[in-house]
Every structure is written in structure tokens, then in C-alpha cells.
Q: 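Could you have a look at this structure, given as C-alpha cells, before my questions?
Proteins come first, then strands; the chains are lettered A, B, ... in the order of their sequence lines, and each starts at number 1.
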Protein chains: 2
Amino acid sequence: MMTLTEENYLKALHRLSQTEEAITVKRIALQLGIKMPTVTSMVKNLAGKKFIRYEKYKAIQLTEKGRRQALLILRKHRLTELFLKDVMGLGWEEVHDIAEQIEHIQSDRFFNRIDEMLGHPKFDPHGEPIPDADGKLPFFKAFPLSGCEAGKKYKLTGVLDHDASFLTYLNTLGLTLGSTIEVMTLHGFDRSMEVLLNGKVRTVFSFTICQHLLVI
Amino acid sequence: MMTLTEENYLKALHRLSQTEEAITVKRIALQLGIKMPTVTSMVKNLAGKKFIRYEKYKAIQLTEKGRRQALLILRKHRLTELFLKDVMGLGWEEVHDIAEQIEHIQSDRFFNRIDEMLGHPKFDPHGEPIPDADGKLPFFKAFPLSGCEAGKKYKLTGVLDHDASFLTYLNTLGLTLGSTIEVMTLHGFDRSMEVLLNGKVRTVFSFTICQHLLVI
DNA sequence: TAAATTTGTTAGATTAATCTAACTTTTTAA
DNA sequence: TTAAAAAGTTAGATTAATCTAACAAATTTA
Ligand SMILES: [Mn+2]
Ligand SMILES: [Mn+2]
Ligand SMILES: [Mn+2]
Ligand SMILES: [Mn+2]
């Protein structure tokens, strides 16, 4: 009943709702790589179906129905990613693009079976929380490495950039979820940091990289 | 590059090409449950892309390019069905509908991994041959039970009806690929037959059922 | 073989998803 | 506080996939 396009809008809406800024037509257009008038018309469509609240020129909000629907799609995406990695042996850098397609498959049986095979997992290969069948998210706390202190040791629990190039770079450093990251030195001028990975590999992370690594 | 709709037309075209009758607009429309004018316009589109040969009012033919493409989609469909059954533990009666969706996923990596995990299988859960990555089909011989003789024993190697209701019925008889079917009596009046299944279960098969069971 | 039936095509409309161009509202900044 | 810039909307076009109605060709039947 929902088209693939509508599902992708809901995912984008949900993602945008997780930041402080208001959800605007501009941000949706940027997120999806389409033009603003296209967004305006789809936003009217989604409002008609009660997935969002929308008034001309005002900020857009997901309704409870919309949020729920978005979380169910995220559930399918993240379960798929973990399945591709843990059952099918693909790397964390190659699962996202396939999951972007499989998340639109309509079959409770298929995804419930994946969930069972994986033992009802709580986190995907990038450390993202997997909503349960009711759309409830597991509790989790983690913060970006960019806010960490020198001299302390952290554990990698998630990545915020799913790009294959970024994750492949982490692979070359032997960095996976669970790896330790010790912050050796903090450079104020560009906010880069010298780090020791898994007690073995020494390198420098730019601020951008640090923003994309979640640790506890 | 190919839309989902185009892929479904190619599959239908391939299926129709496997009978003796010519491929006509009418038959395509019937197969896909759409109207003839819709078919005419898509047929022109596919001809423009060299997947078929088409001249007004003449029979339609798949080109080598079209046939190849169709076989690659069938490969994805059948690999998926076997994966759903053998890896994910679904029943042969529930895999088809899910495979109809997953066959359109664009990822060589995904399907090659499925192929590997299954050990490069040659037949799907319904006994249909799986084309290899070059579109080549395995050799296989099998004939419908409807052409069999009384007093002889056969082995079930395939089913021609993928409907969940039909396959669920076979489940209740304990009939799976590899089961033995002994033809006890042939009834001329309605071409039904009395059969003994796996040396245990005795029942009667209508002619229609017999047409849908492939044996050797 | 001519009429009736079936099959196929054309023309034109519809819906979803997109675009560009032009206009309007809101926000920012001089 | 008004002018400029940014953001948003409307109008109208486009493409893919579908439909119905009307017409045309091919096939079957009388
Ligand atoms: Mn992802
Ligand atoms: Mn992920
Ligand atoms: Mn099938
Ligand atoms: Mn099959």
C-alpha cells in the first residue's frame, strides 16, 4: 500500500527528525537529492495519508503513525544488514546498498525469520539500534569520539557514516565494532587526534572521522 | 537500467516461449493480467531496446539478448527460492511470492553469495532448473505423471504449479521432491489415477494434479 | 468468399514521481 | 524597517505504466 518512494521519504523524515533543526522542505530535498517542488507535492500526499503534519510554510512533523512506519522500515533495513554480514558473510562496507533495496520487500515471514536466525539482535553492523516488531528501540548510550578526552581509552560501538569508502578505510586499520581506541593527543588547531587502535596501530584521525565514530 | 516492469515482461515472454504456441499480445496480456493496449506499448518499448523482435500483427520473439536477460532473472528467482527454503527454513509453498520480489534486487554480490552458500545448485525447490551465471541451463529430463503407466513406480522431481494451496496439499500427503509415486490404477473416464505415495499413503490424483507433477 | 468474430493498434486519459520556470512568503541583513 | 536573499509554492511539462473507447487487421465460420 505504501510505494517504495513514500517509504524512502518516511525514512528521510525520520532521520531528519533526529536532529534539533526543524524538518523543512529544503532539508528533505537535500537529503533525497531531489528538487523542492517535488518534495512539496509528496509532503502533501503524505499529509493526506496522515503520516505527517503539514501546513504551508511551517515545519513538518512526523505523526505517530508516520514514526511507527519509519521505524518498521528501519527495522527491516538493519535486520537485513546484520543478516548479510553475519549469515551471508558480507563486509559491513557492502551491506548498506543491498539493504536499501531489501528493506522494501513485503513479507513479515521473511523478516521475522531473519530476526529469529539472528536471535532478535539489538544492533546492526554499524552499531545502530534495531527497533523491535512494535517499533520500540533498545536503550543505548554512545557519544562521538570527537568529544573525547586525551589519555582515555574507549570502545568503538558504532559508526555514523555508512559509506563503503569510509568503512573500507576502517578495515585497513583493523577497526571493527568492539575495537579499543586510546586517545593519545588532541590537536586544538584542527581538532584532529592521535590515537592508538587495539593497542597496536597508531594513526591520526581528522575531526570529521572522529565525528563519525561512536564510542563508550 | 531495466525497470521492474520490463523484467516481469521478459519473464512472461520467456515462459510463453517455452510452449509451442506463438507469443501473441493476447497471451502476454493474459499472463500478466493486463490489457492488450498496455502490452502493445510495452512490446514496442522492449523491441526498441532489442530484447524482442516485433512487427505489427506478427508473432513476437525474444532476441538472444532478451532470452539471456530473462534467464538471469530466473536464476535470481530460483536461487532465492532455494535459499529461502534451505538456508532460512521456509516451506516450498511460501518461497515463490517472496522470490518474486527479491529477484529484482540489483546485486551480483548478493546472488553470487547465495549461489556459493548453496554449492552452485542446479534445481530449485520445485525442481526447476537454475541457469548458471552465463544463462546456461542444466540438462534434465522429466515428464508429467499424467503420461505414466499403471503398475510402475516413479520419483517426484518437480511440480509445475507453484501455488501455495497446491503445495500445502502435497505437504499433507507427505509428498516432497524425491518421494516415490506408484501408479496403482488408471481411470480412463476422468484420467484420474490411484497412487501409493512413499509406499505408505494411498490416494487418488485428478488428471489436473497429475499434469502438475513431474517424475522420472 | 463474404460476414462475423477475434485479435491487435491507435488515440487519448490517468496516476505517480519527477522536473523547470515563475511567483509568493518568510527570513535575514543593510 | 525596508530591500535582498532564501525558502517554499504553484503551474505546467515529462516519463513510465496503466486504462477505455474506437478503429483496423487477421482469422474463423457460415
Ligand atoms: Mn544502512
Ligand atoms: Mn546500518
Ligand atoms: Mn517460483
Ligand atoms: Mn520455483
Q: Tell me if the aromatic rings of B:His77 and B:His96 count as close, with their centers under 6.0 Å from one another.
A: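 When the ring centroids of B:His77 and B:His96 are compared, they turn out to be within the sub-6.0 Å range.
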Q: Can you list every pair that meets side chain to side chain donor-acceptor pair (under 3.5 Å) and has a residue in residues 109-123 of chain A, with sequence neighbours left out?
A: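 Residue pairs with at least one partner in residues 109-123 of chain A: A:Arg75-A:Asp115, A:Arg109-B:Glu94, A:Arg113-A:Glu116, A:Asp115-A:His120.
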Q: Any base atoms under 4.0 Å from B:Thr5, or only sugar-phosphate, or nothing? Heavy atoms, all strands.
A: sugar-phosphate
Q: Side chain to side chain donor-acceptor pair (under 3.5 Å): which pairs involve residues 21-35 of chain A, sequence neighbours left out?
A: A:Thr19-A:Arg27
Q: Go through the side-chain N and O atoms of B:Asp124 and B:Trp92 and say whether any donor and acceptor fall under 3.5 Å apart.
A: no
Q: Checking A:Phe140 now: which residues fulfil ring-ring contact (aromatic ring centres under 6.0 Å, His included) with it, not counting sequence neighbours?
A: A:Phe123
Q: Begin with the C-alpha distance, continue with both residues' side-chain angles, and end with the deciding distance and a verdict on salt bridge (Lys or Arg N to Asp or Glu O under 4.0 Å) for B:Lys11 and B:Glu103.
A: CA-CA 11 Å; B:Lys11 269 204 312 171; B:Glu103 70 191 5; 2.6 Å; yes
Q: Establish, yes or no, whether the cationic atom of A:Lys65 lies under 6.0 Å from the six-membered ring centre of A:Phe51 and within 45° of the ring axis.
A: yes
Q: Can you list every side chain to side chain donor-acceptor pair (under 3.5 Å) pair that touches residues 127-141 of chain B, not counting sequence neighbours?
A: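 Every pair satisfying side chain to side chain donor-acceptor pair (under 3.5 Å) with a residue in residues 127-141 of chain B: B:Glu128-B:His162.
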Q: Between which nucleotides of DNA chain C, read 5' to 3', does contact with chain A run, using atoms under 4.0 Å from its heavy atoms?
A: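 For DNA chain C, the relevant span reads C:dA17 to C:dT26.
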Q: Sugar-phosphate atoms are those with a prime plus P, OP1 and OP2; base atoms are the rest. Using that split, label each nucleotide of nucleotides 3-10 of chain D B, S or - for protein heavy atoms under 4.0 Å, 5' to 3'.
A: ----SBBB
